[in-house]
Number of protein chains: 2
Amino acid sequence: MRVTIYDIAKEADVGIGTVSRVFNNHPSVSHGTRSRVLEVATRLNYRPHPYARGLASNRTNSILAVIPFFTTFFFLEILQGVQSKLSDLDCDLILYGVNHPDQVASSLRQNALRSRVDGILFFSMKMPEEFALQYLQHRTPVIVVDSYHKSFDSLTVDNQEGAFHATTHLIKLGHKRIGLLNANIESAPARERLKGFQNALTGAGLAIVPGLVKNSSSPILDGFTRNAGYELMKQFLSLKGEMPTAIVVASDIQAVGALAAINEAGLKCPDDVALIGFDDIELASHLELTTMRQPMYEMGALAADTLADRLKNPKEKVSQTKFVPKLIVRKTCGASMHRKQIEAIA
Amino acid sequence: MRVTIYDIAKEADVGIGTVSRVFNNHPSVSHGTRSRVLEVATRLNYRPHPYARGLASNRTNSILAVIPFFTTFFFLEILQGVQSKLSDLDCDLILYGVNHPDQVASSLRQNALRSRVDGILFFSMKMPEEFALQYLQHRTPVIVVDSYHKSFDSLTVDNQEGAFHATTHLIKLGHKRIGLLNANIESAPARERLKGFQNALTGAGLAIVPGLVKNSSSPILDGFTRNAGYELMKQFLSLKGEMPTAIVVASDIQAVGALAAINEAGLKCPDDVALIGFDDIELASHLELTTMRQPMYEMGALAADTLADRLKNPKEKVSQTKFVPKLIVRKTCGASMHRKQIEAIA
DNA sequence: GAGGATCTTGGAAGCGCTTCCATAATTTAC
DNA sequence: GTAAATTATGGAAGCGCTTCCAAGATCCTC
């Protein structure tokens with residue numbers, strides 16, 4: 001039979017209230033009693049029943065992570081960060097993966113309401129208003145990561161700043177004719193990255209050549225796909241002599257497609273055209289892709305922390321944190337080449 | 001206030017037992033009563049409290065997945081498969097990631113005992129005996145995936161068969177001088193893959209040349225690393241004229257390292273040496289790596305199904321299922337080349 | 001139409017815990 | 001020394017559900 005607080009109470013010759021207090025670190029238990037209870041509990045191998053606890057205290061000690069399954073690379077690292085904090089909080093992680101952005105609402109309807117959780121981490125997708133309202137009403141804290149909602153704490157990557165750094169890096173390497181291979185301008189990240197790109201050029205006194213900014217028109221994942229990168233790169237390649245000497249690519253996955261197009265054309269990166277990506281997905285290091293790294297582990301960890309804070313202070317005003325991506329220099333930007341050479345190319 | 005079965009009972013003018021029966025699909029509720037209760041429940045937006053349920057029924061409707069965080073690529077797909085089944089089972093997925101194989105035991109000690117779950121999916125790691133005993137004692141069903149334990153249902157990949165197919169594919173392409181770039185022979189998968197390799201050669205009447213079988217001696221992840229592949233490939237390259245015309249590589253990640261070594265040596269794959277990997281990680285398609293695909297989604301889904309069966313029939317005898325990997329032909333095996341050319345190289 | 005099955009139903013008990021109230025023991029203040 | 005405050009403790013009530021037992025209603029069977 002299961003060991004309960006009654007067994008412990010009897011064995012340690014105290015009341016059940018006292019046993020409960022010991023396990024909840026309630027201050028008003030004398031030192032002697034506490035250690036006696038703990039000794040007995042260890043001896044009988046007692047473990048509190050989480051559901052009984054949850055039922056009685058109206059806490060669940062578990063949180064829900066809603067993640068998109070369709071962009072694999074990104075998430076295990078984030079979850080790692082989340083979990084590193086969660087074990088401190090003595091909290092379970094319930095995972096709910098959504099297969100397609102369009103299914104968020106129906107998926108949530110089907111699943112997320114079933115489980116009772118203390119809080120929710122919501123990743124990379126637009127939170128449907130229907131659920132936002134519901135969570136607000138139920139006072140279930142939600143942290144939105146890599147996305148934004150006015151009513152919830154959010155952690156985002158500063159896309160504009162990231163694109164600014166990326167572009168500036170290329171400028172510093174001596175490039176004057178720099179292109180932007182962007183995603184679908186309908187999406188906020190694409191717009192922000194465009195803005196950062198423009199600011200960097202303008203700030204350096206370079207002109208923004210419209211023909212060198214190419215937005216994807218693909219509706220599929222807003223153009224953040226390998227294929228979108230491939231197609232846009234082919235457009236750049238068709239410019240021949242007018243081609244930029246370096247291109248800022250809105251995401252690594254697009255850069256992968258771009259590299260394929262470059263190879264196919266018989267050209268070399270970075271010799272013929274330099275590339276800089278965004279994200280630092282697993283592939284990036286294998287392809288020696290220079291990129292703007294998003295601090296995923298850190299975002300995960302901070303998301304968990306933020307949720308913990310929110311659970312403690314429900315009234316606090318909604319916070320908004322921005323992470324600045326970090327430049328990871330590899331080979332595709334040509335930083336290892338001598339500047340003279342680059343200038344010769346340009 | 002929370003809506004409970006008492007509210008429903010009062011509103012629908014029935015007893016709480018009846019309400020409970022309705023929500024548990026108990027047969028002995030008349031049709032009229034059932035629909036009246038459901039109508040009221042919908043109207044009041046009633047949701048059963050999972051913890052109260054769990055406490056009263058001693059079921060939790062949640063399962064635990066213990067996965068290794070250190071081999072990222074593999075798992076989201078498996079989890080996707082798991083989840084596709086879980087929502088049928090009306091079950092939550094609690095995720096617990098282990099950062100390093102050596103930490104399995106300590107990680108489990110810290111975490112896995114806390115949560116009460118109906119069953120456990122245990123991935124890719126050796127289950128510490130300490131926990132195996134505990135789970136058996138508690139009668140917590142465990143399904144071991146991509147690993148083996150005699151007391152639990154297991155799903156594994158048939159490494160021997162996979163390596164056999166991979167090798168046979170190269171033989172069919174006309175190769176006579178085939179090497180094996182293996183992982184650490186201490187690990188079961190490495191041994192099995194070696195055996196499949198040998199069987200294929202022997203079966204085709206080819207000799208097994210000891211110098212063409214290279215096992216990694218790395219203790220890190222049993223040599224299933226990019227670096228181990230890189231180092232072993234350098235050994236192959238140093239054979240010069242004695243080099244195999246094709247190499248079976250024990251894992252894609254090693255093949256990535258091997259490709260790097262080949263490029264570094266100024267050689268071309270598959271022109272100078274053909275390669276076939278194992279796993280079909282995300283990278284593989286981007287690198288055009290021919291490989292033996294492990295059916296991860298399917299394994300995840302079947303794991304969940306197996307667990308569901310086990311929950312229904314705890315007495316059934318332990319099952320053991322083997323998946324056969326599937327050949328995915330891309331470019332590194334040179335299958336697209338004309339056979340004559342290959343023979344010319346050989 | 002009587003006796004026995006078979007369906008339905010109500011609701012008490014109990015799952016293992018937290019929490020509050022009452023009370024006892026001890027300390028502090030004057 | 002006494003009154004008041006503080007500390008430590010026991011245990012009842014209650015969290016929302018399942019499940020069992022008892023009992024009423026309905027249906028057969030001969």
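- Close to D:dT18, at under 4.0 Å from its OP1 or OP2, lies a side-chain N or O of B:Asn24.
- A:Glu129 has its side chain within reach of A:His149: a pair of non-hydrogen atoms, C-beta onward, lies under 4.5 Å apart.
- A 6.0 Å sphere centred on CG of A:Leu44 holds more than 12 heavy atoms belonging to other residues, nucleotides or ligands.
- Rounding to whole angstrom units, CG of residue B:Asn61 and C1' of D:dC17 are separated by 13 Å.
- Note on B:Ser28: every side-chain N or O is 4.0 Å or more away from OP1 and OP2 of C:dC7.
- Rounded to an integer number of Å, the gap from OH of B:Tyr51 to C1' of C:dC17 is 13 Å.
- Distance A:His26 NE2 to C:dC17 C1': 15 Å, rounded to the nearest Å.
- Nucleotides of DNA chain C nearest to B:Thr33 and B:Leu55 differ in position, and the one nearer the 5' end is that of B:Thr33.
- Residue A:Ala52 comes nearest to B:Leu55 through the heavy atom pair CB-CD1, 3.7 Å, listed as atom of the first residue, atom of the second, then distance.
- A heavy atom closer than 4.0 Å to some atom of DNA chain D occurs in A:Asp13, A:Val14, A:Gly15, A:Ile16, A:Gly17, A:Thr18, these being the qualifying members of residues 9-19 of chain A.
- Side chains of A:Ser124 and A:Asp146: a donor-acceptor N/O pair is present below 3.5 angstrom, by distance only.
- Computed from coordinates, the A:Arg59 CZ to C:dC17 C1' distance equals 11 Å when rounded to whole Å.
- Axis deviation across the helix from C:dG1-D:dC30 to C:dC30-D:dG1 amounts to 30°, comparing end segments of five pairs, rounded to 10 degrees.
- Regarding A:Asn25, its CG atom lies at a distance of 11 Å from the P atom of C:dT18, rounded to whole Å.
- Here B:Leu38 contributes atom CG and B:Thr33 contributes atom OG1; the two are 10.5 Å apart, rounded to the nearest 0.5 Å.
- Considering only heavy atoms from C-beta on, A:Thr306 stays 4.5 Å or farther from A:Thr321 through its side chain.
- Regarding B:His49, its NE2 atom lies at a distance of 14 Å from the C1' atom of C:dG16, rounded to whole Å.
- When the side-chain nitrogen and oxygen atoms of B:Arg53 are compared with OP1 and OP2 of D:dT19, none of them lie within a distance under 4.0 Å.
- Heavy atoms of A:Tyr6 sit under 4.0 angstrom from at least one base atom.
- Between A:Ile5 and B:Ser30, the residue whose closest nucleotide on DNA chain C is further toward the 5' end is B:Ser30.
- Spacing between atom CZ of A:Arg47 and atom P of C:dC17 amounts to 12 Å, rounded to whole angstrom units.
- For D:dT19, neither phosphate oxygen OP1 nor OP2 lies less than 4.0 angstrom from any side-chain nitrogen or oxygen of B:Ser57.
- Contact annotation for A:Thr4: backbone-only contact, meaning every heavy-atom pair under 4.0 Å involves sugar-phosphate atoms and none involves a base.
- The base of D:dG10 lies close enough to the side chain of A:Arg21 for a donor and an acceptor atom to sit less than 3.5 Å apart.
- Using a 4.0 Å heavy-atom distance criterion, B:Arg34 is classed as making no nucleic acid contact.
- If you take CD on B:Glu298 and CZ on B:Phe323, they are separated by 7.0 Å, rounding to the nearest 0.5 Å.
- With a 6.0 Å radius and a threshold of 12 heavy atoms from other residues, nucleotides or ligands, A:Asn58 has its CG atom at or below the threshold.
- Remark: P of D:dA8 and NE2 of A:His31 are 12 Å apart, rounded to the nearest angstrom.
- Atom NZ of A:Lys10 sits in a sparse spot, with 12 or fewer heavy atoms from other residues, nucleotides or ligands closer than 6.0 Å.
- For A:Phe122 and A:Phe131, the distance between ring centers is not under 6.0 angstrom.
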